[in-house]
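Fair warning: this is a prediction, and the values are worked out from it, not measured in the lab.
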Amino acid sequence: MSAEQVLLAASSSALGTRQGSGMYWYVKTAYTKGYTSDRSHPYTIETWARHDGRSWVRLGSSSGPVRNNDPDGPYGHYADGFDFGADERLTLTQIQKLPTRPAALKARLLSYNRGLPMAPALEGGLVGLLSGTPAPPKVRSAAFRALAALPGVKSLGPVSGGQGLLLPGPSKNMLVVDPRTSKVTGTIEEVVNGRGLYGSNATLVAEWTNELPPVSTPKIGPTEKPRPSTR
């Protein structure tokens with residue numbers, strides 16, 4: 001399949017999916033670094049975002065504490081499904097009302113990323129929308145069509161999790177899409193001079209849930225430093 005065929009097939013599949021529901025939008029992302037594709041010891045970030053935008057985060061492993069994901073708190077803010085663009089945070093209602101036509105959706109994305117060059121702002125916004133937000137089926141379908149219209153997207157053929165697509169630009173980011181389900185099973189992987197992965201992240205889970213693990217509120221001692229904000 002060509003890159004355009006993969007993305008248009010995913011666009012059609014997205015229209016046939018059902019929009020889930022729940023109390024929290026849950027996203028689990030695994031991060032790796034190094035000139036290797038070994039993902040045996042990834043660093044994970046999990047977030048639970050409530051409909052009103054309040055969210056919680058767990059870092060490192062599934063046995064770690066769950067803490068408030070507060071942009072003004074000591075640990076900084078970690079992206080969840082309500083983050084949209086470089087410095088934009090939408091409500092669930094705003095996400096549900098995103099444009100369902102590719103051109104209008106691209107224009108909205110660019111308005112959220114005015115501080116970035118057009119190509120990476122558009123590419124990153126579309127990938128982020130598809131991999132980590134609770135966008136409705138028609139919006140996801142439009143995002144796939146917008147990606148299909150980008151010049152320079154190349155097919156890498158079948159890979160683990162679906163079809164690999166090489167996105168345009170100097171960073172050589174790769175997107176993994178399952179065109180049958182419209183799921184983005186692997187998000188961005190950076191390929192450096194054919195030597196493998198320099199840095200990668202994969203969205204393992206992005207779905208609604210009614211379960212939030214017990215929340216910990218640890219005190220920061222004199223030897224414990226806050227983690228910097230990722231925003």
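Taking the side chain as every heavy atom from C-beta outward, Met174 and Val176 approach each other to under 4.5 Å. With contacts defined as side-chain heavy-atom distances shorter than 4.5 Å, the pair Val57/Glu46 does not qualify. At least one side-chain heavy atom of Leu147 sits under 4.5 Å from a side-chain heavy atom of Leu175. Here the side chains of Leu165 and Leu156 are not in contact, with every heavy-atom distance at 4.5 Å or above. Side-chain atoms of Leu92 and Phe82, non-hydrogen and from C-beta on, do get closer than 4.5 Å to each other. Two residues are said to be in side-chain contact when any heavy atoms from C-beta on lie closer than 4.5 Å; Ile95 and Thr91 fail this criterion. Using a 4.5 Å heavy-atom cutoff, the side chains of Arg145 and Leu7 are not in contact. Trp48 places a side-chain heavy atom less than 4.5 Å from the side chain of Arg58.
A continuous path of ILVMFWY side-chain contacts below 4.5 Å connects Met23 to Val66, so both sit in one hydrophobic cluster. The same ILVMFWY cluster, assembled from side-chain heavy atoms under 4.5 Å apart, contains both Val27 and Val127.
The 12-atom threshold is exceeded at CE of Met1, counting heavy atoms of other residues, nucleotides or ligands nearer than 6.0 Å.
Here the side chain of Ser141 pairs no donor or acceptor atom with the backbone of Pro137 at under 3.5 angstrom. Judged by distance alone, the side chain of Ser11 and the main-chain N or O of Phe144 form no donor-acceptor pair under 3.5 Å. Side chain of Thr203 to backbone of Val205: no donor-acceptor contact under 3.5 angstrom is found. Looking at Gln96, its side chain never comes within 3.5 Å of a backbone N or O of Thr93 through a donor-acceptor pair. Proximity of a side-chain donor or acceptor of Arg140 to a complementary backbone N or O of Ser182 within less than 3.5 Å is detected. A donor-acceptor distance shorter than 3.5 angstrom exists from the side chain of Ser13 to the backbone of Pro179, with no hydrogens or angles considered.
Counting all heavy atoms, side chain and backbone alike, Pro168 lies closest to Val153 at CD-CG2, 3.7 Å. Here the closest heavy-atom approach between residue Leu90 and residue Gln94 is recorded as CA-OE1, 3.3 Å. For the pair Gly157 and Ser155, the tightest heavy-atom approach, listed with the atom from each and the gap, is N-OG, 3.2 Å. Summarising the geometry of Ser55 relative to Ala49, their closest heavy-atom pair is CB-CA, 3.7 Å, with the distance given to 0.1 Å. Closest approach of Gly81 and Pro134 over heavy atoms only: O-CD, 3.5 Å. Nearest heavy-atom pair across Tyr112 and Glu88 is CD2-CG, 3.5 Å.
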- Derivation and outcome, side chain to side chain contact (heavy atoms under 4.5 Å, CB included), residues Thr44 and Lys28: CA-CA 7 Å; Thr44 60; Lys28 182 176 182 179; 4.1 Å; yes
- Message: Walk me through whether Tyr78 and Leu59 qualify under side chain to side chain contact (heavy atoms under 4.5 Å, CB included).
- Response: CA-CA 10 Å; Tyr78 291 82; Leu59 306 173; 3.7 Å; yes
- After noting the C-alpha distance and the side-chain angles of Val184 and Asp178, does the key distance pass the side chain to side chain contact (heavy atoms under 4.5 Å, CB included) rule? CA-CA 6 Å; Val184 176; Asp178 185 341; over 6 Å; no
- Begin from the C-alpha positions of Trp56 and Asn69 and carry the test side chain to side chain donor-acceptor pair (under 3.5 Å) through to its verdict. CA-CA 4 Å; Trp56 294 263; Asn69 191 22; over 6 Å; no
- Using the side chain to side chain contact (heavy atoms under 4.5 Å, CB included) rule, take Arg54 and Asn68 through it: C-alpha gap first, then chi angles, then the decisive distance, then the call. CA-CA 8 Å; Arg54 186 182 178 189; Asn68 288 325; 3.4 Å; yes
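Met118 contributes atom CE, which lies 8.0 Å from atom CG of Leu122 (distance to the nearest 0.5 angstrom). Residue Thr133 holds its OG1 atom at 7.5 Å from CG of Leu98, rounded to the nearest 0.5 Å. In this structure, Asp70 CG and His77 NE2 are separated by 9.5 Å, a value rounded to the nearest 0.5 Å. Rounding to the nearest 0.5 Å gives a distance of 7.0 Å between OG1 of Thr29 and CG of Leu204. Atom OH in Tyr26 sits 8.5 Å away from atom OG1 in Thr209 (nearest 0.5 Å). Separation of atoms NZ (Lys106) and CZ (Arg101) is listed at 14.0 Å; rounding is to 0.5 Å.
Under a 4.0 Å N-O distance rule, the pair Arg89/Asp80 qualifies as a salt bridge. In this structure, Arg50 pairs ionically with Asp52, as a charged nitrogen and a carboxylate oxygen lie closer than 4.0 Å.
Between Trp208 and Trp25, the ring centre distance stays below 6.0 Å.
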